[in-house]
Each structure stands twice: as C-alpha cells, then as structure tokens.
Amino acid sequence: MIDGLLRDLIPQVLTALVRRYGDFGKCEDAVQEALLAAAVQWPRDGVPDNPKAWLITTASRRRIEMWRNEAARIRREETVAALEPPSFELVPQQDDTLTLLLLCCHPALTRPAQVALTLRAVGGLTTAEIARAYLVPEPTIGQRISRAKQKLRGADFALPPKDELPARVAAVLQVLYLVFTEGHTASSGSAVNRVELTAEAIRLARQLHALLPADGEVAGLLALMLLTDARRPARTGRDGIPVPLAEQDRARWDTSAIAEGSALIEHALATTQVGPYQLQAAIAAVHDEAETADATDWPQILLLYDLLQQIAPGPMVTLNRLVALARVEGPAHALAELDATDVDHYRADVVRAHLLELSGDPEGARTCYARAAQRTLSLPEREYLESRALPGMSEKP
C-alpha cells in the first residue's frame, strides 16, 4: 500500500520542488531521498495525514541542505539559510504531471534518455524495471538518467509552446507505451498485472489526448491501452496464473472500455494518417469485438500486422504476426518464417511452442515451453509455462 502511494506521489512532489527551486536533477535527487525516508519511517510511525506535504517538506529540507553544501553557491549561504522549509503552501493545486512529462522529453535529450528519465520521474519505475523494459543492462539506464538530469539543469518548468509539442510527442508516446506495457504484463515479480502503472499510463494518455485531440497516434495509443486493459479482469485465474486470450471468459471483459477504445480508433483511422499505435489498436479492437475466440477475424489481423511490420518493424511485431499467419496459412508456414528470424527472447520460445502445438508436435512444444519458463522473470508466467511443459498439457492448442 505504501509503495503504491509513494509511486503516485512522485511526479506531484517533484513538480512542486522544480517549480520552487529549479534544477531538475538536484530536485529529483532530493525527492528520492525523501522517498527513502518515507519508506523507512512510514511503516514504523504510520502514514502522515498529508503524505504529499510531508514528502514535499522533507525533500525541500534536503534540497536546501544540498544547496548549502555546494561550493559554487557558498556566497548564497545567508540567503539560503533564511529559507524555511515549506509545507502545505507548496502543495500544488493543479496536476502538473503532464508538464513534467514534457520536460523529461526535452529536445536537448536523446530519445533513449528521454524515455528513461520519464519512466523514472513520472512513471515511477525503478532503474531495474526500465532496464527490463528496454532489454538493456541496468547500469546503462542509470547512466542515461544521470546524464539526462545534468542536461536539464536550468530548463524552464512550463508547458512548451504548441509549435514545439510535436517534436516531443513521439518520445512521450513511447514512454507511456512502455509504462503501460510494464503494468499490463509485469516483466518480473509475483503479479501478472501492476494496475497502478496501467492506470497512470491511461490517465496521462487521456491528458495528452485532451491537449492534442487531432493527433491520430495519441488517440491510437489511448485506444490501444483501453482495448488492452479491458481484458484485464479475465487475464488471470483465481490462482493468479495467466489465462491465454483464447481461453479467457469474455463476459468478464470491460465492455465500456472496449466501446470507448473502438470509437477512438475508428475516428482516428478515418481522419488522420495511419501510424503504428493506431494499427496496434485496430488489432486489439478486432480481438475484443469477436464474440468468441473462434470468431476472430484472423485474416484482418494478419493484414494489420503486415502493415505494422512495414512501418514499425520489431521483434514483438514479428512474433505476433507469426501467430496470425499460423491461423491463416497454417503453422508450417509460420514455423518456417520463425526459423528464418534471429529473435533472441523467451517469447520466441513461447511462440514456437504454440506453433508446434498447432502442428501436432506436443513433445516439441513442451520442450519450448520449458525453455521459455527458465528465461522469464515473471513468477506467474513461469508457473504457467511450466504447467504447459508437463506431459499431456501441450496437446491442447
């Protein structure tokens, strides 16, 4: 409970400090120390009545201490010493999370640095979680974040002019997509879903859509999130183990989210230039609108994946397209194409296992499921894959 509360408060506390003191990097460091203090004190002493104000006050004290200790600022000692750590008056009345999001996607930063910093400062992900989302070593992400904070020294904390927004939107969309993905299918840990992350990603996507209502990719990403999150109630069983899409109880899907997402993507496809998030949302809509798994329009899904592979190729697009190809042209064609790829990820083992099931090779499927189980860091997914590797389990497609 405390971890979730702290994650929710991170962007609000950070924006309050940046507004008052400037210097994003120093403020972010101060906030991290305040969070550490809260993680130690709150379980022992209880959560304060106003946790946001507590964090802002604690982080402000730490920021003033850092300021006093900077040799280059020693001449400001008397001025700084007169500052009193603020409390309630510093708590912002407005939600500045979107402003912080756009600041983290400042054009002075490289795209990888923009994404890593925003995931840390706004999404609340740890450095390790960001590294898993990017499939790169954790020290690499740590260096990106550190360098990004240095480059943002002196940057204004305000919404950029509207003519500069498009230059930052692509990075913002990628950030929100990664935050949502980590929440929808956690890369590690004991839970399949991390609802606090999917909810935050959807909230920020709604804000961005309100700011840029004519942007088709913003609408496409919001639609994709809604259509994907709509299945969450049926994605796990009572034991917390993942349930494959074909076996989910569709009566448990969120029909209001499906209706909203479908309307968004239909309007975007009809009125704006097609982009990768729109295509992914369209694929999700085809799945969600099928009354049963057998009624899924696989030819349409394959066509959409063919288009997606042309404009935004990637390993996960390749693997997902092969599943659709198997449903349309048969598993043998899909296996042949899989053999020609060089995707080195445990999901490639999962896809191969699925294709082998469809082709009538349960023994080969069990071997691939077992190999995939050894490589995933998600405990529920590992348990599911291990169950599929048991004799007799992989004979059912």
Side-chain angles (χ1 to χ4, degrees), residues 7-16 18-19 52 91-107 111 114-115 117-119 121-125 155-184 195-230 232 254-282 284-285 288:
R7 187 186 295 275
D8 290 340
L9 291 176
I10 286 172
Q12 301 173 51
V13 175
L14 181 54
T15 56
V18 175
R19 276 192 180 279
K52 189 197 316 189
V91 180
Q93 298 301 312
Q94 73 273 28
D95 186 348
D96 285 327
T97 303
L98 184 59
T99 304
L100 179 61
L101 184 68
L102 292 169
L103 175 64
C104 291
C105 295
H106 195 282
R111 177 60 54 78
Q114 290 173 337
V115 174
L117 182 62
T118 310
L119 285 171
V122 186
L125 272 68
D156 292 334
F157 183 75
L159 281 173
K162 285 198 172 183
D163 59 348
E164 294 182 13
L165 283 174
R168 302 195 195 183
V169 167
V172 172
L173 292 177
Q174 188 177 8
V175 165
L176 297 183
Y177 179 77
L178 284 174
V179 173
F180 180 84
T181 300
E182 178 65 25
H184 177 67
V195 180
E196 71 278 8
L197 292 184
T198 54
E200 179 67 6
I202 291 172
R203 186 181 73 84
L204 291 174
R206 287 190 187 280
Q207 287 191 2
L208 196 60
H209 180 54
L211 185 65
L212 301 171
D215 191 305
E217 279 293 80
V218 173
L221 179 60
L222 177 56
L224 174 61
M225 291 179 179
L226 292 169
L227 291 163
T228 304
D229 194 58
R232 176 165 46 85
D254 186 341
T255 55
S256 63
I258 293 173
E260 182 182 1
S262 295
L264 276 169
I265 189 56
E266 288 174 8
H267 181 265
L269 288 173
T271 59
T272 65
Q273 183 177 354
V274 175
Y277 291 115
Q278 293 175 63
L279 290 174
Q280 292 180 70
D288 287 7

[atom2] on [Y] to [atom1] on [X], rounded to 0.5 Å:
X      : Y      : atom1 : atom2 : result
Leu212 : Leu173 : CG    : CG    : 9.0 Å
Leu269 : His267 : CG    : NE2   : 11.0 Å
Leu221 : Leu204 : CG    : CG    : 10.5 Å
Asp215 : Tyr277 : CG    : OH    : 11.0 Å

Compare all side-chain heavy atoms of [X] with those of [Y] and state whether any distance is below 4.5 angstrom.
X      : Y      : value
His106 : Leu117 : no
Glu217 : Val169 : no
Leu101 : Gln207 : no
Phe180 : Thr228 : yes
Val122 : Val175 : no
Thr118 : Cys105 : yes

If you look at every heavy atom in [X] and [Y], which pair is closest and at what distance?
X      : Y      : result
Val115 : Ala171 : CG2-O, 4.3 Å
Val218 : Leu208 : CG1-C, 3.8 Å
Leu264 : Ala223 : CB-CB, 3.9 Å
Leu103 : Ala155 : CD1-CB, 3.9 Å
Thr198 : His184 : CG2-N, 3.3 Å
Ala282 : Ile265 : N-CG1, 4.0 Å

Do Thr15 and Thr99 pass the side-chain contact (heavy atoms from CB on, under 4.5 Å) test, and can you show the C-alpha distance, the side-chain angles, and the key distance before you say yes or no?
CA-CA 8 Å; Thr15 56; Thr99 304; 6.0 Å; no

Could you walk me through whether Leu226 and Ile202 pass side-chain contact (heavy atoms from CB on, under 4.5 Å), step by step?
CA-CA 7 Å; Leu226 292 169; Ile202 291 172; 4.2 Å; yes

Would you check if the side chain of Gln278 reaches a backbone N or O of Gly220 as a donor-acceptor pair within less than 3.5 Å?
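Here the side-chain-to-backbone pair does not exist.
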
Please determine whether side-chain contact (heavy atoms from CB on, under 4.5 Å) holds for the pair Glu182 and Leu119, giving the CA-CA distance in whole Å, both sets of side-chain angles, and the decisive distance to 0.1 Å.
CA-CA 10 Å; Glu182 178 65 25; Leu119 285 171; over 6 Å; no

